[in-house]
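Values below: all heavy atoms of this structure, side chains included; hydrogens, waters and symmetry mates excluded.
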Amino acid sequence: MKNTIAERILDFLKGFPPFDALTHEQLFSIATQVKVHYIEKDNYIFKQNEDLHDSFYVVKDGAIGIYRGNSLVDECDEGDIFGLRALIRKDQYLLDAKAIEESIVYSMSSKVLEDIIITNPKANQFLIASFATNTRNPYSEEDKGTLFANESFLQPNTNSFTEVQSANFSKNPIVCQAHTIIKDACIVMSARKVGSIIITENKQPIGIITDKDLRNKIATGLHTISEEVESIMSAPVITFPPTITVAEAQIAMLKNEISHLCITADGTPNSELIGILSEHDIIVMHGNNPSVLIKEIKRATSAESLKFIREKAQELLKNYIEQHIPISFIANIISAINDAITKRIILLSITEIQEEPPVPFAWLAIGSQGRKEQLLLTDQDNALVFEDVSEDKKEATTSYFLKLAKGINNKLNTVGFELCPANMMASNPKWCLSVTEWKAQFKNWITHPDQDKIMLCNIFFDYDLVYGNHELVDEMSTSIFEAIDSYEIFLNFMGRDALKNPAPLSFFRNFLVEDSGEHKDQFDIKARAIMPLVDAARLLVLSHNTKDVNSTIARFKKLAEIEPQTKDLYESCISAFRILLRFRTQQGLKNNDSGRFIDLNSLSKADRLKLKGCFKPIKDIQDLLKIRFKLSQLL
Amino acid sequence: MNWFKRKTYPDFYNAYAESFKGKNNPLEATRFIVFDTETTGLNPNEDLILSIGTVTIQNFSIDVSDSLECYVQQEHFNADTVKIHGILKAGSIRKIEETEAIKLFLKHIEGAVLVAHHIAFDVAMINQALQRMDLPKLKNKLVDTGQLYKKTKYVKDHTHYSLDQLCNTFNITMHDRHTASGDAYLTAVLFLKFAALLKKKKNRDLRLSDF
């Protein structure tokens, strides 16, 4: 029987996760069982400690605020789900749900939840993640892993390196039938600008004609163009499954002396044709292989050719992100490429000056580049340290390194790492110093901290040796720890700085929801989510006197080792950081910018939930800093 | 003819009539059935019911599972109103006999309070159908949302408020307008809003007699 109202409810629900993961029949069955509630502004749907209702809720119109006591935990708008935790835990309500605006809310029974949603893995993961983000302690044994349940499900499991090398074949190959006239087949090939056409029968590949066949069999006069393709096609074809790797493809082409492989659904000629892999595709793929890029970098003789290679690396980055390669792996590869480019540029610049460096020196990447967390092309941040020289040689040495740094900075600019607008570059005399000068500078920053100096510490303490003398860098690191030891209050100053940007609570329509109940319309993912984690990791590692761990992920891993009692929180910080870094990189690639400012209009419910899951560990790590560095008194 | 004055009715009607005896439900347990009919025209004496749509409100929530939507096979056909309700004489929607529809409807509204926008017309249409089946008129308590709206205000007025007007005033997005079920749903949402306003005006919990 027709059910207009249920159809209308279905139309609404299907626009939102987890309902979008259900089949039409399942969703219709849910829609016929919905109850519709009208809630006036400031009225409650449930209150803390109230007995469980046998249903959960979805906002249809209006807005529902979720409160713990008087403090706002979340705001739910159209399509958001609430009241789920209590239902799944079969527990009293721990939070209040109150209409912030006049609202219409759908309720669905626990039976709907159990029968339909829980049995759908995708929908289930979404629901678990959605209530975990409002749980007081999502790291507890009971709720462990729930905070990012959504993320792990949305990402296919591709942790193996072979995936990186899986061959990227062309989908939708050009096909014709066995009785097609050769001339007609060639017209199609010309029009589509392809060098091959596959002959299929019931969608299965039975033969192939390539440019080579046309040359050998038609142009020589052996066959005429009015014959059927069957008379000149090469058969049978060599087939592989879509999981074929580059190495397998190359071997197959060599062994069979052919240039094209057919990709079929199950890898045999008796299944549907889904693509074609040509020798040309393999060559293109090789051009975008990190080890080939690094070889090319080493051979490059100008900044212009390095620029071209860096652009290829950008393509590589795009592919990795699309293929859901683990973000730490991507970061390592891109950093290795960036380091290789920088090293090459340093060597080219030394050659250009036509004079060897007077004393050993080291080139340092600082800030996000020092942490190996810079995946997109941004402006450069670097510094230079050189060995101490006697007073009479000081001026000449400094001017040599400034000249060298100037050349390096300009070439990096040519490659695409723009000059730093804040002039945090080695060509700035302030950041091109002897090791003793650096040590004095660090000591000054640490023992006389002010806001500017703390900011410099945050940038310069994350250095990474790109080229040159390791001992100089060790000496710098040791001096930092010695200075901090003698002036521990410095860590409290750093702590205060690390708390300057609290994470938002969640998203509401096109706003960020703040702790204060305020709304902001722009989301700065760098300042509000990534940097709080970076700053917290740096501070905690410094407080443990731990040297030589520079990336945020490595720092949290180290912290989890040192403090097993806080391991769960640190691991959540790692997960959050990975998600945020990937998200920012995706945004940057999509919009061709730094990816820093997120347009809230562009975020789907699933994106919002994913980001919201990251806010929780940020808030908790900031709370930890507050207690550990006694910041509530300092603030 | 004697046949018209019979005192005994079929079982389904007796069950319906029985459902109103000795019942005095508290408001929370009262089933309000919000309904609408689409018809071939606006004259209850000539026009016929093409479809009936209902939704149930209990304890101030709309229960989608307790609803009825049926389309009626009619010989009489008025091409002029097709553009309003969209129901074609030989359309693809499954249709049932009028007697069958009335039986389903009576079963559905047993013991309930009927709610509709300008309910007099819809009730007249149903009563005409009942008469064709030689059955008495509807017995349910009736609530008109047009009147209910006037009760929520302090001033008396005689304005005729259309469903469209009220939906606009109360920011209700109109979907499926001019289908019986769609209009019944819109009327149900209005009913919930008016009940909330009335409660605020009276500053106490509502009683059935308030409607």
Interface residue of largest heavy-atom contact number with chain A, from B/Thr179, B/Val64, B/Ile57, B/Asp176, under 4.5 Å: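 The answer is B/Val64.
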Above 12 or not: heavy atoms from other molecules or residues under 6.0 Å from [atom1] of [X]?
X       : atom1 : value
B/Asp11 : CG    : no
B/Glu97 : CD    : no
A/Lys35 : NZ    : no

Distance, nearest 0.5 Å, that separates [atom1] of [X] from [atom2] of [Y]:
X        : Y        : atom1 : atom2 : result
A/Ile5   : B/Ser65  : CD1   : OG    : 11.0 Å
B/Lys193 : A/Ile104 : NZ    : CD1   : 5.5 Å
A/Arg8   : B/Thr173 : CZ    : OG1   : 10.0 Å
B/Asp66  : A/Thr32  : CG    : OG1   : 12.0 Å
B/Asn171 : A/Asp61  : CG    : CG    : 9.5 Å

A/Glu102 versus chain B, the contacting section by heavy-atom distance below 4.5 Å: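 Interface part for A/Glu102: side chain.
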Looking at [X] and [Y], what are the two nearest heavy atoms and their distance?
X        : Y       : value
A/Asn3   : B/Glu69 : CA-OE1, 3.1 Å
B/Tyr185 : A/Val36 : OH-CG1, 3.5 Å
B/Gly182 : A/Thr4  : N-CG2, 4.5 Å

Heavy-atom contact with chain A under 4.5 Å, split by part of B/Thr54: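 Backbone of B/Thr54 only, per the 4.5 Å heavy-atom cut-off to chain A.
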B/Ile93 portion near chain A, given a 4.5 angstrom heavy-atom threshold: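 Answer is side chain: those atoms of B/Ile93 sit under 4.5 Å from chain A.
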A/Glu40/B/Lys199 ion pair, N-O < 4.0 Å: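 Not counted as a salt bridge, because no side-chain N and carboxylate O are separated by less than 4.0 Å.
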